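A quick write-up on the structure given underneath.
The structure presented is a predicted model; accordingly, all values stated were derived computationally and were not measured. Heads up: numbering here begins at 1 and tracks the sequence.
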Amino acid sequence: VRHHLWIVHDSAKPDLLAKIVKRAGPTMVFCRTRHGADRVATRLAKAQIRVASLHGGNSQNKREQALEDFRDGRVFALVATDVAARGLHIDGVACVVQYDLPVDPKDYVHRSGRTGRAGASGTVVTFVAPGDQPHARSIVEQAGVDAEVGAPDLLQIEHADVRGDRIGEPMIGVANGHSTITPMVSGRVAGASVSSISTSGASRPLAPCTVSRLTASRRPLAGAAMP
């Protein structure tokens with residue numbers, strides 16, 4: 001697993017995240033709060049990326065649906081809080097993006113462990129504000145991780161073309177405040193009902209995307225409230 005600390009101003013995070021997901025394929029994104037996770041997911045949806053959120057503000061059914069959609073390749077990005085993703089095991093996650101800097105080394109290890117499972121390759125990108133560099137370096141050192149520090153470089157992200165099946169010209173639409181997607185697979189329509197993200201505006205084509213099929217399992221959720 002390759003680890004990168006990218007120095008990024010807050011205003012540049014949303015566009016950079018969208019570019020990472022489009023390049024990497026199946027990506028888990030970690031945020032500190034429910035509100036932050038929903039805000040990031042909404043920005044990804046506006047960037048024409050299929051996305052679901054996973055946090056304690058969602059019902060159990062919505063959390064399980066988000067997981068199933070991500071596992072089956074109906075969404076390419078899963079935006080989660082730390083507690084909501086605890087106990088979650090997914091094979092095939094190409095990239096982990098730490099949109100918000102983890103609080104401590106334990107959270108860093110847990111987040112980064114979502115990729116590179118079962119001997120597979122993976123990439124972990126942590127967004128670091130310019131003023132947070134000393135804290136970020138301390139976290140990765142305590143986590144025992146050798147991370148490269150520098151400006152964002154998308155060439156450091158393994159391209160999704162090396163994994164998965166090609167899905168071309170999917171369409172995103174809006175029905176009753178929720179996104180619905182009908183991708184074209186091998187020249188035929190494959191109906192897919194997704195996502196926990198609301199969007200607005202007319203239907204428009206998405207850029208062709210590359211996905212891989214994921215497998216997942218999780219232990220029962222703890223009884224404590226989730227962020």
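In this structure, Ser112 and Val1 have side chains that are not in contact, with every pair of non-hydrogen atoms separated by 4.5 Å or more. Here the side chains of Ile90 and Leu67 are in contact, with some heavy-atom distance below 4.5 Å. In this structure the side chain of Val8 reaches within 4.5 angstrom of the side chain of Leu16, judged on heavy atoms. Two residues are said to be in side-chain contact when any heavy atoms from C-beta on lie closer than 4.5 Å; Phe76 and Pro26 fail this criterion.
Tracing side-chain contacts under 4.5 Å through hydrophobic residues (I, L, V, M, F, W, Y), one never reaches Val96 starting from Val109; they form parts of separate clusters. Hydrophobic clustering, with ILVMFWY side chains joined whenever heavy atoms are under 4.5 angstrom apart, groups Leu154 together with Leu44.
Nearest approach of Thr115 to Cys95, heavy atoms of both residues: OG1-N, 4.0 Å. Counting all heavy atoms, side chain and backbone alike, Ala37 lies closest to His55 at CB-CD2, 4.1 Å. Contact between Ser121 and Arg2 at its shortest, heavy atoms only, is CB-NH1, 4.4 Å. For the residue pair Ala77 and Ile49, the shortest heavy atom distance occurs at CB-CG2, 4.5 Å. Taking all atoms of both residues into account, the shortest heavy-atom contact from Met28 to Ala80 is CE-CB, 4.4 Å. Of all non-hydrogen atoms in Ala41 and Val51, the two that sit nearest each other are O-CG1, 3.3 Å.
The CG atom of Leu88 sits 6.5 Å away from atom CG of Leu54, with the distance rounded to the nearest 0.5 Å. Atoms CG and CZ, on Asp132 and Arg137 in that order, are 12.5 Å from each other to the nearest 0.5 Å. Separation of atoms CG (Asp82) and CZ (Arg32) is listed at 9.0 Å; rounding is to 0.5 Å. A distance of 15.0 Å separates CZ of Arg34 from CZ of Arg39, quoted to the nearest 0.5 Å. Between atom CG of residue Asp15 and atom CD1 of residue Ile20 there is a gap of 11.0 Å, rounded to the nearest 0.5 Å.
Phe30 is linked by a ring pair (Phe, Tyr, Trp, His ring centres under 6.0 Å) to nothing, counting only residues two or more places apart in sequence or in another chain.
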Between Glu158 and Arg23, does a salt bridge (Lys or Arg N to Asp or Glu O under 4.0 Å) hold up when you go through it step by step?
CA-CA 7 Å; Glu158 184 179 23; Arg23 180 175 177 85; over 6 Å; no
Show the numbers, then the answer: is there a side-chain hydrogen bond (donor to acceptor under 3.5 Å, both in side chains) between Asp69 and Gln65?
CA-CA 6 Å; Asp69 288 341; Gln65 185 64 55; 2.9 Å; yes
Can you check side-chain contact (heavy atoms from CB on, under 4.5 Å) on Val140 and Leu5, steps first, answer last?
CA-CA 9 Å; Val140 296; Leu5 300 180; 3.9 Å; yes
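A distance-only check finds a donor-acceptor pair linking the side chain of Arg114 to the backbone of His110 [under 3.5 Å]. Using modelled atom types, no side-chain atom of Thr42 and backbone atom of Val40 make a donor-acceptor pair closer than 3.5 Å. Checking side-chain atoms of Glu141 against main-chain N and O of Ser138 turns up no donor-acceptor pair under 3.5 Å.
Evaluated for a side chain to side chain contact (heavy atoms under 4.5 Å, CB included) with His4, the options Thr123, Val97, Val124, Val128 yield exactly one hit, Thr123.
For residues 97-106, the pairs satisfying side-chain hydrogen bond (donor to acceptor under 3.5 Å, both in side chains) are Gln98-Arg111, Gln98-Thr126, with sequence neighbours left out.
For Arg43, the CZ atom is loosely surrounded, since the number of other residues' heavy atoms within 6.0 Å does not exceed 12.
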Under 3.5 Å, which donor-acceptor pairs link side chains of residues 143-153 to any protein atom two or more places apart or in another chain?
residue	atom	partner	partner atom	Å
Glu148	OE1	Gln156	NE2	3.3
Asp153	OD1	Leu155	N	3.0

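The distance between the ring centers of His9 and Phe127 does not fall below 6.0 angstrom.
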